Protein chains: 2
Amino acid sequence: MFDVLSDHSRRRILDLLRERPRLVGELVAELGMSQPTVSKHLRTLREAGLVQARPEAGRRRYELRAEPLAQLDAWLEPYRRLWSTGLDALEQHLDTMPDTGPDPQEQLP
Amino acid sequence: MFDVLSDHSRRRILDLLRERPRLVGELVAELGMSQPTVSKHLRTLREAGLVQARPEAGRRRYELRAEPLAQLDAWLEPYRRLWSTGLDALEQHLDTMPDTGPDPQEQLP
DNA sequence: TAGTTATATAAGCCAGTCGGTATGTTCAAA
DNA sequence: TTTGAACATACCGACTGGCTTATATAACTA
């Protein structure tokens, strides 16, 4: 999942498909890359379940499938608490140890 | 950001530092990689602002800095709506267009 | 059926990167 | 100041992955 998303061109494709489904030729024009290169990226995205092709009058319209991104969201989840509370790993650790000083913040779950 | 996170070893390091800050030697032992390799990953993470080193009795204790991950979260945000509502780019598009009938299924070559 | 268009796959090149070994560098203790 | 431990950097070989050109496949059209 991270591997698939680490490529800038593939993220551009996802961003474009987020607006609306598109034909391969449309993506080629907007990305300014060769058609085979775009097709290979689409294959990678397809195998990751992030896009889906629908035949349409001899062409192929690609559409976004966002569900697999939930994995990324799941990975991010435990980190989200840290930055959203301004708490990093150091303070989190100190929270679990006998306190030697004042405790500025308190924490939930 | 995506480039930094696309490496499995670096994600393992972040996961370990999420538990608690650690010395380089501790990470080396837990990752089973050579010390220079770990140091190189730490440098990459440091330059991305994801970790931070604190000198400690001649050693270096690395701690997590989760804030930059907010960028990832921001990128993810517009997609989160799609999968959380079960709405993908296709239906989103069709919502804005007059319906022409039932849609077929896809196929593979 | 042949020709044309749209897309997919194949093969090859090149740049970037991961991991390793060897070598600096820094710091604390003696 | 010297030694030794902990960590960083330099450099190298192997592999990966993206891009390009050339070619194959599929579907529409005449």
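Proteins come first, then strands; the chains are lettered A, B, ... in the order of their sequence lines, and each starts at number 1. Bear in mind that the values here come from a model prediction, so they are computed numbers and not experimental data.
Atom CZ in B:Arg12 sits 10.0 Å away from atom CG in B:Leu27 (nearest 0.5 Å). In this structure, A:Leu5 CG and A:Leu50 CG are separated by 6.0 Å, a value rounded to the nearest 0.5 Å. Rounded to the nearest 0.5 Å, atoms CZ (B:Arg60) and OG (B:Ser39) are 9.0 Å apart.
The distance between atom CG of A:Leu5 and atom P of D:dG18, rounded to the nearest whole Å, is 12 Å. The interatomic distance linking B:Arg61 (CZ) with D:dA5 (P) rounds to 20 Å, in whole Å. Between B:Glu56 atom CD and D:dA6 atom P the separation is 13 Å, expressed in whole Å. As rounded to whole Å, 15 Å separates atom C1' of D:dA8 from atom CG of B:Leu23. The distance between atom CD of A:Glu26 and atom P of C:dA6, rounded to the nearest whole Å, is 11 Å. In this structure, B:Leu31 atom CG and D:dC7 atom P are separated by 13 Å, rounded to whole Å. For the pair B:Arg10 CZ and C:dC18 C1', the interatomic distance rounds to 9 Å; values are reported in whole Å. Taking atom CZ of residue B:Arg59 and atom C1' of nucleotide C:dC27, one finds them 12 Å apart after rounding to whole Å.
Residues B:Tyr79 and A:Arg11 approach most closely at OH-O, 4.3 Å, considering heavy atoms. Annotation for B:Arg10 and B:Asp3: closest pair NH2-O, 3.4 Å, computed over non-hydrogen atoms.
The phosphate of C:dC18 has neither OP1 nor OP2 within less than 4.0 Å of any side-chain N or O from B:Ser9. Look at B:Tyr62 and you won't find any side-chain N or O under 4.0 angstrom from OP1 or OP2 of D:dA6.
For DNA chain C, the residues of residues 34-49 of chain B within the heavy-atom distance limit of 4.0 Å (strictly under) are B:Ser34, B:Pro36, B:Thr37, B:Lys40, B:His41, sorted by number.
When heavy atoms are screened at a 4.0 angstrom cut-off, A:Asp3 is found touching no nucleic acid atom at all.
Tracing side-chain contacts under 4.5 Å through hydrophobic residues (I, L, V, M, F, W, Y), one never reaches A:Leu23 starting from A:Leu17; they form parts of separate clusters.
Looking at A:Arg46, A:Arg54, A:Gln52, A:Arg22 one by one, the single match for side chain to side chain contact (heavy atoms under 4.5 Å, CB included) with A:Tyr62 turns out to be A:Arg46.
Distance from the side chain of A:Arg60 is smallest for C:dT7 among the nucleotides C:dT7, D:dC7, C:dG20.
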